[in-house]
Amino acid sequence: MKHKPNILLIGFHNSLNIDSMTQIAFKNCNTGQEAIELLIDENFDLIISKYQLDDQNAIELNQSVKSVKNYCANTIPKNNKLLIITTNPEEEQLCKDNKILFFPEKLNLKSLILKLIDLPREIKRGDQKVAIINFKDLFKRVDNNREFIQTVIEKFFEIWKSRIDDIQTPLNNGEFKLAKDAAHKLKGVLANFSMEAARTTIIELEKHILDNDQELSIQKLNQLIADIENTHKFYLDNQDQFKS
């Protein structure tokens, strides 16, 4: 079961008016130094701060947050996002220049929060486990030419690791556009083969790449590798499906 998302608010003195979001846990502090002490001890899904705090500004806070991530990388990795609430165009421009995520205070913050964090999804009646390979859909796509699709799938399983390398190499180098393009191509192949579990994972991988989140992208890529290996085993265990 997913944890209840945890958000740290810095410098707002309970003035953000989002306490009604009961599906999220909020914690407040007033200064950047207090925030850093909390970040070392706790995990937050999102940090929301004013641009100017009593002891530092957003640019200094961003550097401190990065330092905490580096410090904790080999113990308890921190995957939080930092969001700065801006009050004027000058603050917005400084955030842009320093590649800091920002949001003008006059806009609807609640809707943005829901987009930035992964809320636990309530399991609904009728939800079904994603198929490893949807054979019914696969054979329909190729007009029931089972011999043909079997040959093509086997070719894919011979070369799939090179497709992973096409994603992993640029990802390790921080070349997110190249990694995204390679992931998009592989997603199309997985869709064509009705490999639904792996395709679901690569959709999540694309999202992390688009967010330029190298750490989460690598974690999701490792899951994709495991999913494809599991798909290969499932394929080998279901060879009877290819008999006309």
Side-chain angles (χ1 to χ4, degrees), residues 1-5 23 45 77 79 81 111 114-172 175-244:
M1 184 176 180
K2 289 184 178 179
H3 75 290
K4 188 175 185 179
Q23 72 273 52
D45 298 279
N79 298 319
K81 299 181 180 71
S111 64
L114 294 175
K115 291 177 182 177
L116 289 175
I117 63 175
D118 186 16
L119 287 176
R121 186 173 70 89
E122 180 182 353
I123 298 177
K124 299 178 182 179
R125 186 173 298 178
D127 279 358
Q128 296 181 354
K129 185 178 180 180
V130 175
I132 297 176
I133 299 176
N134 186 333
F135 286 112
K136 182 178 179 180
D137 179 71
L138 175 64
F139 296 143
K140 182 178 179 181
R141 181 176 291 114
V142 295
D143 295 327
N144 207 37
N145 190 340
R146 302 189 183 202
E147 182 179 356
F148 164 76
I149 197 62
Q150 185 176 27
T151 301
V152 177
I153 286 179
E154 288 179 353
K155 180 64 178 176
F156 167 74
F157 284 128
E158 290 175 7
I159 58 91
W160 70 272
K161 290 183 179 178
S162 67
R163 295 294 188 97
I164 294 294
D165 288 342
D166 289 343
I167 303 171
Q168 190 162 33
T169 300
L171 193 56
N172 289 340
E175 298 172 319
F176 293 102
K177 185 180 185 308
L178 291 176
K180 168 64 173 64
D181 290 345
H184 187 72
K185 290 177 183 177
L186 181 54
K187 181 180 71 174
V189 174
L190 297 174
N192 287 337
F193 291 151
S194 299
M195 297 177 179
E196 295 186 359
R199 178 176 174 272
T200 298
T201 299
I202 204 168
I203 289 172
E204 296 170 354
L205 170 61
E206 276 192 295
K207 179 181 180 298
H208 293 317
I209 295 174
L210 282 171
D211 290 339
N212 288 0
D213 193 324
Q214 187 180 48
E215 184 176 346
L216 283 182
S217 296
I218 290 172
Q219 290 177 13
K220 191 59 66 174
L221 182 62
N222 288 333
Q223 181 184 335
L224 177 62
I225 292 169
D227 284 346
I228 295 178
E229 289 174 341
N230 189 39
T231 301
H232 191 196
K233 182 179 183 302
F234 183 80
Y235 164 78
L236 294 174
D237 290 344
N238 287 274
Q239 289 296 293
D240 59 311
Q241 293 281 343
F242 294 91
K243 296 177 181 178
S244 300

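Atoms considered below: every heavy atom in the structure, side chains included; atoms not considered: hydrogens, waters and symmetry mates.
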(message) Going by salt bridge (Lys or Arg N to Asp or Glu O under 4.0 Å), name the pairs with one or both residues in residues 225-236, residues two or more places apart or in two chains.
(response) Lys233-Asp237
(message) To the nearest 0.5 Å, what is the distance between NE2 on His184 and CG on Leu210?
(response) 10.5 Å
(request) Determine, for Lys207 against Asp211, whether the closest basic-nitrogen to carboxylate-oxygen distance falls under 4.0 angstrom. (result) yes
(request) Please name the pair of heavy atoms, one in Gln214 and one in Asn172, separated by the smallest distance, quoted to 0.1 Å. (result) NE2-O, 3.3 Å
(request) Take Gln219 and Gln223, measure what side chain to side chain contact (heavy atoms under 4.5 Å, CB included) needs, and give me the verdict at the end. (result) CA-CA 6 Å; Gln219 290 177 13; Gln223 181 184 335; over 6 Å; no
(message) Run Trp160 and Val189 through side chain to side chain contact (heavy atoms under 4.5 Å, CB included) and show every step you take.
(response) CA-CA 10 Å; Trp160 70 272; Val189 174; over 6 Å; no
(request) Write out all pairs satisfying salt bridge (Lys or Arg N to Asp or Glu O under 4.0 Å) with one or both partners inside residues 191-201, taking only residues at least two apart or from two chains. (result) none
(message) With a 6.0 Å cut-off (strictly less than), is the heavy-atom count around CZ of Phe148, excluding the residue itself, greater than 12?
(response) no
(message) Taking Ile209's backbone N and O only, do any of them form a donor-acceptor pair with Ser217's side chain (distance below 3.5 Å, no angle check)?
(response) yes
(message) Has Asn230 got a side-chain atom pairing as donor or acceptor with Ala226's backbone, closer than 3.5 angstrom?
(response) no
(message) Test of understanding: with ring pair (Phe, Tyr, Trp, His ring centres under 6.0 Å), list the residues that count as partners of Phe176, not counting sequence neighbours.
(response) none
(message) Under the ring-ring contact (aromatic ring centres under 6.0 Å, His included) test against Phe193, which residue among Phe157, Phe156, Tyr235 passes?
(response) Phe156
(message) Could you report the tightest heavy-atom contact between Leu216 and Asp213, atom names first, then the distance?
(response) N-OD1, 3.1 Å
(request) Report the C-alpha distance between Asn238 and Ile133 in whole Å, list the side-chain angles of each, state the deciding distance to 0.1 Å, and finish with yes or no for side chain to side chain contact (heavy atoms under 4.5 Å, CB included). (result) CA-CA 10 Å; Asn238 287 274; Ile133 299 176; over 6 Å; no
(request) Measure the spacing between NZ of Lys136 and CD of Gln241 and express it to the nearest 0.5 Å. (result) 12.5 Å
(message) Is it the case that the side chain of Arg146 and the backbone of Phe139 share a donor-acceptor pair, with hydrogens and angles ignored and the cut-off at 3.5 Å?
(response) no
(request) With the side chain counted from C-beta on, respond yes when Leu138 and Ile153 share a heavy-atom pair under 4.5 Å apart, and no when they do not. (result) yes
(message) For Asp181, is there an ion pair with Lys177 - N to carboxylate O distance below 4.0 angstrom?
(response) yes
(message) Gln239 vs Gln150, test: side-chain hydrogen bond (donor to acceptor under 3.5 Å, both in side chains). Steps then yes/no.
(response) CA-CA 9 Å; Gln239 289 296 293; Gln150 185 176 27; 2.7 Å; yes
(message) Is the shortest side-chain heavy-atom distance between Gln168 and Asp165 below 4.5 Å?
(response) yes
(message) Distance check, rounded to the nearest 0.5 Å: Leu205 atom CG versus Ile218 atom CD1?
(response) 10.5 Å
(request) Please round to the nearest 0.5 Å and tell me the distance separating atom CG of Leu171 and atom CD1 of Ile164. (result) 11.0 Å
(message) Return the CD1 to CG distance between Ile228 and Leu186, rounded to the nearest 0.5 Å.
(response) 5.0 Å
(request) Return the minimal non-hydrogen interatomic distance between Ala179 and Ile167, and the atom names on each side. (result) CB-O, 3.8 Å
(request) Give the intermediate values and the outcome of side chain to side chain contact (heavy atoms under 4.5 Å, CB included) for residues Thr200 and Ile203. (result) CA-CA 5 Å; Thr200 298; Ile203 289 172; 5.7 Å; no
(request) Search all heavy atoms of Glu206 against all heavy atoms of Lys187 and return the closest pair with its distance. (result) OE1-NZ, 2.8 Å
(request) Please examine the side chains of Thr151 and Phe242, heavy atoms only from C-beta on, and report whether any two atoms are closer than 4.5 Å. (result) no
(request) Supply the atom-to-atom distance Ile149 CD1 to Phe135 CZ, rounded to the nearest 0.5 angstrom. (result) 11.0 Å
